[in-house]
Participant: 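Please see the structure below; I have some questions.
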Amino acid sequence: MGTRLRMLISAVIVASWVLSASGAHYHTHRHYRLEDVALTEEIDVRAQRNKRATEDINALLPADTPDDSTPLPPGGDPSDLPTCLLCVCLTGSVYCEEVDPDMTSVPALPKETNYLYARYNKIKKITAKDFGDIVTLKRIDFTGNIISEIEDGAFAKLTMLEELSLAENLLVKLPMLPAKLVSFNANHNKLRTKGIKSNAFKKLSKLTHLYLAHNELEAVPLIPETVRTLHLQNNNISSVTVDTFCKSNNTYYIRHNMNEIRMDGNPVILGQYPNSFICLQSLPIGRYQ
Ligand SMILES: *[C@@H]1O[C@H](CO)[C@@H](O)[C@H](O)[C@H]1NC(C)=O
Ligand SMILES: *[C@@H]1O[C@H](CO)[C@@H](O)[C@H](O)[C@H]1NC(C)=O
């Protein structure tokens with residue numbers, strides 16, 4: 001009898017905590033950055049209060065059986081907080097932008113996440129375990145972190161991934177990319193030609209946008225036929241060949257999809273390679289001499 005009453009009271013406390021916590025969380029959707037810390041403290045205080053209330057009730061009631069059925073709400077160390085308290089989770093999307101305290105690794109994601117925005121944090125490394133079984137991901141944005149290392153299998157299993165941004169990081173090489181990628185952005189890194197496998201993009205049969213500007217590339221990688229927009233400006237590319245964009249053994253070949261190539265800010269003098277661009281419908285932007 002005592003146990004049942006105690007369970008009922010515990011249930012009421014937990015239910016009211018969940019309701020008020022979700023109200024507070026809803027509130028943070030509008031002001032989440034400033035209020036993350038306040039929310040953390042608020043939940044911490046509430047957890048303490050509820051813990052005290054539960055202890056008081058336990059003291060009043062006869063201790064007929066040990067009661068371990070009271071789940072205590074989360075609180076304490078902010079690093080233990082679930083992703084959706086540090087970040088904002090809205091149906092299928094997780095927004096972790098400029099998270100405070102610093103986010104240095106990929107957060108654990110709720111199952112069925114489609115979109116992850118983790119821009120402007122301090123993430124250093126992406127491991128093969130980070131996305132584990134979150135194969136539902138369609139878009140990932142890591143712009144503006146300090147990523148210098150990505151384990152080769154990290155993205156390989158994400159068969160639904162269409163957009164990936166690794167812009168403004170510290171990468172010198174690229175991992176294996178998933179086959180359905182439509183847009184890939186690695187602008188503003190430290191990519192070297194030897195850090196990009198020769199078939200890195202070749203097998204991406206849906207790729208239309210490829211951004212590799214502001215890196216240290218010395219050559220143009222193999223570009224799939226599907227690509228429409230290619231940004232290679234501000235690299236260290238000093239030459240191109242007939243086979244870079246066109247086909248040396250087929251003078252009738254036209255690269256129909258390509259409509260924007262940027263190669264300005266490279267040492268290459270495009271005017272020296274007139275035969276390298278005859279298959280294109282518009283010339284690259286760059287210096288002609
Ligand atoms: C650019 O490439 C040349 C060789 O073609 C090399 O000597 C130079 O150090 C490179 N510059 C940068 C910034 O990597
Ligand atoms: C050009 O060479 C490639 C292999 O390098 C070959 O697959 C293709 O059939 C050749 N095209 C012509 C028109 O000879």
Side-chain angles (χ1 to χ4, degrees), residues 104 119-127 140-156 163-177 181 183-204 207-225 227-249 253 255 258-280 282-289:
T104 55
R119 303 191 304 170
Y120 303 105
N121 289 298
K122 299 279 188 318
I123 298 170
K124 293 174 194 158
K125 181 180 174 181
I126 300 175
T127 73
I140 297 176
D141 192 345
F142 282 123
T143 299
N145 281 274
I146 50 172
I147 300 166
S148 60
E149 190 186 347
I150 301 179
E151 289 180 4
D152 209 33
F155 300 113
E163 284 185 48
L164 175 60
S165 177
L166 301 170
E168 297 172 49
N169 279 285
L170 302 171
L171 293 168
V172 295
K173 59 179 187 162
L174 292 180
M176 201 185 301
L177 296 171
L181 217 49
S183 174
F184 178 68
N185 187 341
N187 283 344
H188 291 279
N189 276 275
K190 296 176 174 296
L191 293 172
R192 312 290 299 263
T193 288
K194 66 175 192 291
I196 300 183
K197 293 199 177 80
S198 62
N199 63 352
F201 307 113
K202 199 62 186 169
K203 288 180 181 163
L204 307 184
L207 192 68
T208 61
H209 292 72
L210 180 55
Y211 303 101
L212 298 169
H214 296 271
N215 278 285
E216 294 167 21
L217 300 178
E218 277 134 20
V220 179
L222 285 173
I223 307 298
E225 297 277 322
V227 170
R228 297 168 171 277
T229 302
L230 174 64
H231 284 190
L232 290 167
Q233 68 269 28
N234 297 95
N235 275 281
N236 197 16
I237 298 166
S238 54
S239 67
V240 291
T241 72
V242 177
D243 288 308
T244 302
F245 301 113
C246 303
K247 294 184 177 176
S248 54
N249 65 352
Y253 170 72
R255 196 181 261 271
M258 187 74 87
N259 59 24
E260 183 182 317
I261 300 179
R262 282 197 61 180
M263 289 192 68
D264 44 310
N266 281 284
V268 65
I269 297 166
L270 299 183
Q272 289 178 354
Y273 307 91
N275 294 333
S276 298
F277 307 102
I278 48 171
C279 65
L280 297 175
S282 58
L283 288 168
I285 297 166
R287 282 171 285 164
Y288 288 84
Q289 288 177 22

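All ligand and atom numbering here is 1-based and tracks the order in the structure. Numbering of residues begins at 1 and proceeds along the displayed sequence. These values consider heavy atoms only, across backbone and side chains, with no hydrogens, waters or symmetry-generated copies.
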Participant: Using 30° and 60° as the class boundaries, would you call the ring planes of H188 and H214 parallel, tilted or perpendicular?
Facilitator: parallel

Participant: In terms of side-chain geometry, is the basic nitrogen of R228 or E260 positioned less than 4.0 Å from the acidic oxygen of its partner?
Facilitator: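 A salt bridge is absent here (no side-chain N lies under 4.0 Å from a carboxylate O).
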
Participant: Between the main-chain N or O of L171 and the side-chain N or O of N189, is there a donor-acceptor pair closer than 3.5 Å?
Facilitator: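 The answer is yes, because a donor-acceptor pair under 3.5 Å joins these two groups.
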
Participant: Would you mind checking if E151 and K125 are paired as a salt bridge, meaning a charged N to carboxylate O distance below 4.0 Å?
Facilitator: yes

Participant: Are T244 and S276 linked by a side-chain donor-acceptor pair shorter than 3.5 Å?
Facilitator: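 Checked: T244/S276 side chains show no N/O donor-acceptor pair below 3.5 Å.
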
Participant: Assess, by modelled atom type and distance only, whether the side chains of D243 and T241 contain a donor and an acceptor separated by less than 3.5 Å.
Facilitator: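 Side-chain D/A pair, D243 to T241: absent.
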
Participant: Might you list the protein residues in contact with ligand 1, defined as having a heavy atom under 4.0 Å from one of its atoms, sorted by chain and number?
Facilitator: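 Its neighbours under 4.0 Å (heavy atoms only) are N236, given by chain and number.
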
